[in-house]
Amino acid sequence: QLHLVESGGGLVQSGGSRRLSCVDSGGNLDQYAVGWYRHAPGKEHEGPLCINSRDGLTNGADSYYADSVKGRFTCSRDNAKKTVYLQMNNLNPEDTAVYYCVAGVLNRLAAKSPDYWGQGIQVTVSL
């Protein structure tokens, strides 16, 4: 059983950067694919924003990125620290949302049904 806790959220100016961290205090995070979702006010959950697979993706890549964040966000992991990261660059107000760290079986992450969710953390991008 994983227990995911995000940190690093807050207020950032448009064009700025922020790095979110997600630590697992419960179990064996290295056995799962990991990723991030977000939920903006008045909108549905968006995700996966990115997926970092333990064993690689079917197309041979290590990671997947949604078009909305591709080239700006980087999803990475440090299995020794049981931590997942989301590096966000060139942020804009449309990136304002609650960000959720997720983990689980790869096809469930891709199908918008992660096995594990963090509690979420707010990121607000000001003009």
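For clarity, every value in this text was computed on a predicted model and none was experimentally measured.
Linking Ile, Leu, Val, Met, Phe, Trp and Tyr residues whenever their side-chain heavy atoms come within less than 4.5 Å places Ile121 and Leu86 in a single cluster. When the side chains of ILVMFWY residues are joined at heavy-atom separations under 4.5 Å, either directly or via intervening members, Val12 and Trp36 end up in a single hydrophobic cluster. Transitive grouping of hydrophobic side chains (ILVMFWY, heavy atoms separated by less than 4.5 Å) keeps Val69 and Leu109 in distinct clusters.
Pairing each heavy atom of Ala103 with each of Leu2, the nearest pair is CB-CD1, 3.7 Å. Pairing each heavy atom of Gly9 with each of Val123, the nearest pair is CA-CG2, 4.1 Å. For the pair Cys75 and Gly35, the tightest heavy-atom approach, listed with the atom from each and the gap, is SG-CA, 4.2 Å.
The stretch residues 118-127 participates, sequence neighbours left out, in these side-chain hydrogen bond (donor to acceptor under 3.5 Å, both in side chains) pairs: Glu6-Gln119, Gln122-Thr124. Listed by first then second residue, pairs satisfying salt bridge (charged side-chain N to carboxylate O under 4.0 Å, His left out) with a partner in residues 112-127 read Arg108-Asp115, not counting sequence neighbours. Sorted by first and then second residue, the side-chain hydrogen bond (donor to acceptor under 3.5 Å, both in side chains) pairs with a member in residues 7-19 read Ser17-Asn89; sequence neighbours excluded. For the ring pair (Phe, Tyr, Trp, His ring centres under 6.0 Å) condition, no pair includes a residue of residues 66-92, sequence neighbours left out. Residue pairs meeting the ring pair (Phe, Tyr, Trp, His ring centres under 6.0 Å) criterion with at least one member in residues 103-122, sequence neighbours excluded: Tyr32-Tyr116, Tyr37-Trp117, His45-Trp117, Tyr100-Trp117.
Residues passing the disulfide (SG to SG under 2.5 Å) test with Cys22, sequence neighbours excluded: Cys101. Not counting sequence neighbours, the partners of Glu46 by the side chain to side chain donor-acceptor pair (under 3.5 Å) test are Arg38, Ser68. Qualifying side chain to side chain donor-acceptor pair (under 3.5 Å) partners for Asp67, counting only residues two or more places apart in sequence or in other chains: Lys70. For Arg72, the side chain to side chain donor-acceptor pair (under 3.5 Å) test picks out Asp95, with sequence neighbours left out.
A donor-acceptor contact shorter than 3.5 Å is absent between the side chain of Asp78 and the backbone of Thr83. With hydrogens and angles disregarded, no donor-acceptor distance shorter than 3.5 Å links the side chain of Lys81 to the backbone of Val23. A distance-only check finds a donor-acceptor pair linking the side chain of Asp24 to the backbone of Gly27 [under 3.5 Å].
Val102 has its side chain out of reach of Leu4: every pair of non-hydrogen atoms, C-beta onward, lies at least 4.5 Å apart. Contact of the Leu127 side chain with the Pro93 side chain is registered, since non-hydrogen atoms from C-beta on lie closer than 4.5 Å.
Taking CD1 of Ile51 as the start and OH of Tyr65 as the end, the distance is 11.0 Å to the nearest 0.5 Å.
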**OP:** Step by step, work out the side chain to side chain contact (heavy atoms under 4.5 Å, CB included) result for Val34 and Leu29.
**Re:** CA-CA 8 Å; Val34 296; Leu29 182 67; 3.7 Å; yes
Subject >> Worked check of side chain to side chain contact (heavy atoms under 4.5 Å, CB included) between Tyr99 and Met88 >> reply: CA-CA 11 Å; Tyr99 284 75; Met88 304 183 291; 3.8 Å; yes
